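Residues take their numbers from the sequence shown, with the count starting at 1. Whatever order the structure lists them in is the order used to number ligands and atoms, beginning at 1. Everything numeric in this text was worked out from a predicted model, so none of it was measured.
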Amino acid sequence: MKLMLTTERIPIKLWLDDIEPDALIQARNLANLPFAFRHIPLMPDCHQGYGMPIGAILATKEVVVPNAVGVDIGCGMCAMRTSVRDLGTSDLKKVLSAARKTIPLGNKSHQEAQDEACMPKGHETLNIVGRQYTKALKQIGTLGGGNHFIEIQKGSDGYVWLMVHSGSRNLGYQVATWYNDIAVALNKRYYSVVSAEIDLAFLPLDTQEAQDYIKEMNYAIAFAFANRKLMMKRMFEALQSVTGASKHGKIINKPHNFAAWEDHFGKRVLVHRKGATRAFEDELGMIPGSQGSNSYIVRGLGNPESFKSCSHGAGRRMGRKQAQRELDLEAEIAMLDQKGVVHAIRHRSDLDEAPSSYKDIDVVMENQKDLVDIVVELAPMAVLKG
Ligand code: 5GP
Ligand code: MN
Ligand code: MN
């Protein structure tokens, strides 16, 4: 930990030295919530989000806060080591075009419904999920827009790795916005000071609405997990079709937008992680940098101070619009070309995902040495963006 602020109702603990003023305002809002438990950890990738900063953790005992999970419920990363040791540029391009045939990118869905066996069970009893289920059958195995990516990486262990970043697509979005709207209305009805103004409306756990939200959230988390798993399978098939690779390691598949019951500081609490992942002792995880920098496979140290969490990436250094306005297109392309990355930067509008729009991953890793150990360093080889 680098810094602790103690002027709020509960402390804010920061794993970074400098924080955007707007993210700090949001962290203060969290720390002043009457139901926030113990302290608010801010991960080294922390930056402004909607209501709650990305890279922040909120533990509660009596309420759930939909915006502290975020709109892309269950969004997360999946990583897998393959048996391939090297891939030339022309093979990399072949793998990408094979993948494009089976994995819709951007906001596209499949033309056909996918096999129901890919979907999590239990949609029948859920209100929003139930209504969205038919559409979701065409959304499973699709990447989604903007920040989501599939990357082929070269590991420091000598193997080629695959990484997938995606969430629960429109299904999770529908659940998130539906229950946040209910929370806003409920908070206003009881004159809660929290509510709409700071975008952190809550649902008391003893209400039916909260129980319904948690069930639907858990389905969306399972859907996002299955979505990444299916894309990982199809990515591996694309790699197989070009290289003949037949073996791979165990899949690591973890959410970074979720809430779950866990034991911390001797209490059973609902831990909301928004842009943060679990780093329990000996648990493997991944911390991506950008399409132009290293990413990492990490092993958690189970540090109780972060509620056993770590960052979910490098985090944004600047907003999307700012990146498109201010970054130098030629310089970003030259840097990626020089590294030999088969990248996704063509136009000024792609600059929102350029390496320089993200924080320095080396600094981010240095700032969380007490949260994770590095297991494998991954260098980008080729990337597909949403
Ligand atoms: P999110 O969009 O879920 O908040 O953040 C995802 C994280 O992934 C970002 O903080 C960033 O560090 C990382 N990231 C974004 N784009 C790429 C990419 O193309 N490749 C890799 N390896 N990491 C990325
Ligand atoms: Mn997402
Ligand atoms: Mn994400």
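Residue contacts with ligand 1, taken as heavy atom pairs separated by less than 4.0 Å, involve Q291 via backbone and side-chain atoms alike. Proximity of M286 to ligand 1, defined as any heavy-atom pair under 4.0 Å, is not found for any part of the residue. Residue contacts with ligand 1 for M163 are absent, since no atom lies close enough (heavy atoms, distance under 4.0 Å). At a heavy-atom cutoff of 4.0 Å, ligand 1 is contacted by no atom of R316, backbone or side chain. Under 4.0 Å from ligand 1, the heavy atoms of K385 that appear belong solely to its side chain.
Ligand-side atoms of ligand 1 in range of S295: 22 (N), range being under 4.0 angstrom from any heavy atom. Of all atoms in ligand 1, numbered sequentially from 1 with element shown, those under 4.0 Å from a heavy atom of H256 are 3 (O). Near G313, meaning under 4.0 Å from one of its heavy atoms, ligand 1 places the atoms 10 (O), 12 (O).
At least one N or O atom of G289, backbone or side chain, sits closer than 3.5 Å to an N or O atom of ligand 1. For ligand 1, one of its N or O atoms has an N or O atom of P288 under 3.5 Å away.
Under 2.8 Å from the Mn ion (ligand 2) lies no N/O/S atom of H165, from backbone or side chain alike.
Checking N253 against R228 by side-chain atom types alone, a donor-acceptor pair falls below 3.5 Å. Side chains of T142 and R169: a donor-acceptor N/O pair is present below 3.5 angstrom, by distance only. Counting only N and O atoms by type, the side chains of Q139 and S109 include no donor and acceptor under 3.5 Å apart.
Looking only at N/O/S atoms, D72 comes nearest to the Mn ion (ligand 2) through OD2.
For an aromatic pair to be called close, the ring centres must be under 6.0 Å apart, and H39 with H264 fails this.
Around the Mn ion (ligand 3), the angle linking C75 (SG) with H256 (NE2) is 100°, rounded to 10 degrees.
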